[in-house]
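Read the structure below first, then the notes.
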Amino acid sequence: MLDPKLIKEKPQLIREMLKARSVDFDLDSLIEFDQKRREFIIKTDELRKKKNQVALEISQKKKAGEDASSILAKMKNISNELTKFELEQESIENKYSKLAMTIPNLVHESVPVGVDESANKEIKKWGKIPDFDFKIKDHIEISENLDLVDLERAAKVAGARFYYLKNDLVRLNQSLIHYGLDFLAKKEYSLVQPPYMINRKSMEGAVIADDFEDVIYKVEDEDLFMIGTSEHAMAAMHSKEIIEGKDLPLRYAGVSPCFRKEAGAHGRDQKGIFRVHQFDKIEQFVFSRPEDSWKEHEKMLGIVEEFYQELEIPHKVMLLSSGDMGKISAKTYDVEGWMAGQNAYREIVSCSNCLDFQARRLKIRFRDKTNEDTQYLHTLNSTLIATTRVLVSIMENFQTKDGHIRIPTVLQSYMGNQKEI
RNA sequence: GCCGGGGUAGCCAAGUGGUAAGGCGGCUGUCUCGAAAACAGCUACGUGAAAGCGUGCAGGGGCUCGAAUCCCUUUCCCGGCGCCA
């Protein structure tokens, strides 16, 4: 959600944002609803004032033991009229907020303007792409040969885009998680294992309507939705709270499974465990003072870069264009890791600053002193590890001539000093 | 799951149908060389240029001229019992 005052005072700024994102949004209606909404507030407030005055009169007459029947009739009329006004006001408020909830976030000035990923900008590149002196396999073939993944039975039991991890790949998955948590704990993140299902209000605060349809699974007959990432549960964690300024920034490392419909991805990455309905993830989530959020954004990216350098995964950092970026984000870096089997860099991390967009929806505020006006804080999120994608990268980049997988050095101690799968 | 007790402002807390007590913490002002103390005002959200006005007593609904208060319902917390990995 954007600041209604900003929309009212600088509609031109909003129009530019919509154009940069190539988003079709009925801004004129929103402005009109907002204006009507304000008019109704004034009208109903006036009537309420009258009602309070009459109620006081009644109370005084009754206390004095006088007859109040003529005023009672007057009061009944005011009450009826007020009910009508309130219904109308509620209806216009609903129209306004429903539309306001679908407007995308502002776009930071450093974001390249463009319609899709072709306008993304490469910022950095790290690591040497591995050079193989044998014919390499993709992760599907490797995992079949070593009995590490069973896709066929998963399809039978759950459907497409599911998998059974098996044997040492299960251990490698757990090792990645363990290593990632230790890594963030050292950076003074608080570790959080959130609820894997959250209610509608919380989900709507963290996610924009389109994504709701395309990625979020709903639990039948319950007000519960499966989280698409721990970001969703962590964003809502402090909803409706006023945080003390001295406690900011709050840095959390969330670990959870992630559940995604992948409804818009038909035909893409159809095979293997690269794009799946369920995977484990460690996520960085930061609640920050507004003035610090850009600094925090770069800091999160730095942590990600350091992590993948230690893991020895060649990668590049992409700055997403206005058209490719998610609607809740004002600026997003993707980190793309090398996947030898695809001979390509593929997305493994997404690192975003959402400014006060989620905070407004979730009413997360802060202040330094108790009498000070509250201010919305800024929220930021970044993947540290989406395990399945990192597993693909490790399997493909670290494969050996004899068909095995070398375990990255930093993970070996987590695997009982095992060096190879 | 059952029985009982609860949810009032940043925190504590009074209030059984007629304008939301009080305290703590905080801010500003007066005073002071400065501070403390004392005193006064302010200390949720909306609207408004402002004065002000309105809303707000866990959420939703109802009865009533009028609801923090009565009724229904949902939810969360505490205690007890039951069940359970």
Side-chain angles (χ1 to χ4, degrees), chain A residues 1-10 30-101 193-205 219-225 233 236-248 250 257 287 289 356 359-377:
Chain A
M1 211 154 69
L2 295 176
D3 185 355
K5 286 205 171 78
L6 184 72
I7 299 172
K8 186 181 154 199
E9 282 158 20
K10 294 181 179 164
L30 188 72
I31 291 170
E32 192 194 319
F33 290 156
D34 186 43
Q35 209 176 332
K36 262 199 197 163
R37 181 183 73 95
R38 288 167 207 269
E39 284 166 15
F40 260 97
I41 288 169
I42 292 167
K43 274 199 266 182
T44 49
D45 276 4
E46 272 171 15
L47 205 54
R48 279 182 183 137
K49 185 182 172 185
K50 208 156 118 194
K51 183 184 156 188
N52 287 341
Q53 286 168 347
V54 177
L56 187 60
E57 265 182 74
I58 293 172
S59 147
Q60 281 165 349
K61 286 226 166 180
K62 292 232 167 178
K63 271 183 188 164
E66 293 171 32
D67 174 43
S69 52
S70 67
I71 314 178
L72 283 186
K74 191 172 153 194
M75 182 71 162
K76 191 155 197 169
N77 281 336
I78 295 172
S79 281
N80 288 340
E81 204 184 341
L82 184 59
T83 308
K84 266 191 276 174
F85 268 84
E86 279 171 340
L87 283 175
E88 268 184 86
Q89 191 192 336
E90 199 190 326
S91 134
I92 188 76
E93 292 270 8
N94 284 343
K95 274 192 207 164
Y96 171 77
S97 57
K98 206 174 160 189
L99 194 56
M101 284 293 269
Q193 204 171 347
Y196 302 158
M197 293 173 252
I198 62 177
N199 60 33
R200 174 176 284 276
K201 257 229 150 86
S202 301
M203 193 60 98
E204 279 175 345
V219 178
E220 200 178 7
D221 297 329
E222 302 275 350
D223 180 25
L224 285 174
F225 298 81
M237 185 161 64
H238 290 297
S239 60
K240 296 186 217 162
E241 289 182 23
I242 298 169
I243 313 263
E244 285 196 52
K246 67 175 169 58
D247 294 335
L248 295 176
L250 292 168
F287 297 89
R289 307 178 72 92
D356 63 4
R360 271 179 197 284
R361 293 169 154 239
L362 292 160
K363 298 194 172 56
I364 314 170
R365 292 162 296 170
F366 78 98
R367 65 178 163 197
D368 292 304
K369 289 166 184 162
T370 55
N371 72 319
E372 218 175 52
D373 278 349
T374 56
Q375 246 189 98
Y376 288 107
L377 45 71

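The sequence lines fix the lettering, A, B, ..., with proteins before strands; numbering per chain opens at 1.
- In this structure, A:Glu241 places its CD atom 15 Å from C1' of B:A58, rounding to the nearest Å.
- For the pair A:Gln60 CD and B:C65 P, the interatomic distance rounds to 20 Å; values are reported in whole Å.
- Considering only side-chain atoms of A:Lys51, the nucleotide from B:C65, B:G10, B:G66 that sits closest is B:G66.
- The shortest distance between side-chain heavy atoms of A:Arg365 and A:Lys240 does not fall below 4.5 Å.
- Both the sub-6.0 Å distance and the 45° axial angle are satisfied by A:Lys43 relative to the ring of A:Phe40.
- A:Asn199 places its CG atom 17 Å from the P atom of B:U74, with the value rounded to the nearest Å.
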Quiz prompt | Base-pairing string, 5' to 3', of RNA chain B - Watson-Crick or wobble, under 3.5 Å, | interstrand | solution = ((((((((.[[[..)..(...]]]((((((.......))))))((((....))))..[[[[[..)....]]]]])))))))....
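- Between the P atom of B:A67 and the CD1 atom of A:Ile58 lies a distance of 11 Å, rounded to the nearest Å.
- The P atoms of B:G7 and B:A14 are separated by 9 Å, rounded to the nearest whole Å.
- Atom-to-atom, CZ of A:Arg365 to C1' of B:A9 comes out at 12 Å; the value is rounded to the nearest Å.
- If you take NZ of A:Lys43 and C1' of B:U55, they are 19 Å apart, rounded to a whole angstrom.
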Pairwise N/O distances under 3.5 Å, protein to nucleotides 47-52 of chain B:
from: B:U47; atom 1: OP1; to: A:Arg37; atom 2: NH2; distance (Å): 3.3
from: B:G48; atom 1: OP2; to: A:Arg38; atom 2: NH1; distance (Å): 3.1

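- The phosphate of B:G66 has OP1 or OP2 within less than 4.0 Å of a side-chain N or O from A:Ser79.
- Side-chain N/O atoms of A:Asn94 and A:Ser91 include no donor and acceptor closer than 3.5 Å.
- B:C57 and B:C70 are spaced 15 Å apart, taking the P atom of each and rounding to whole Å.
- A close approach under 4.0 Å does occur between a side-chain nitrogen or oxygen of A:Asn52 and OP1 or OP2 of B:U55.
- When the C1' atom is used for both B:C27 and B:A44, the distance is 16 Å, rounded to whole Å.
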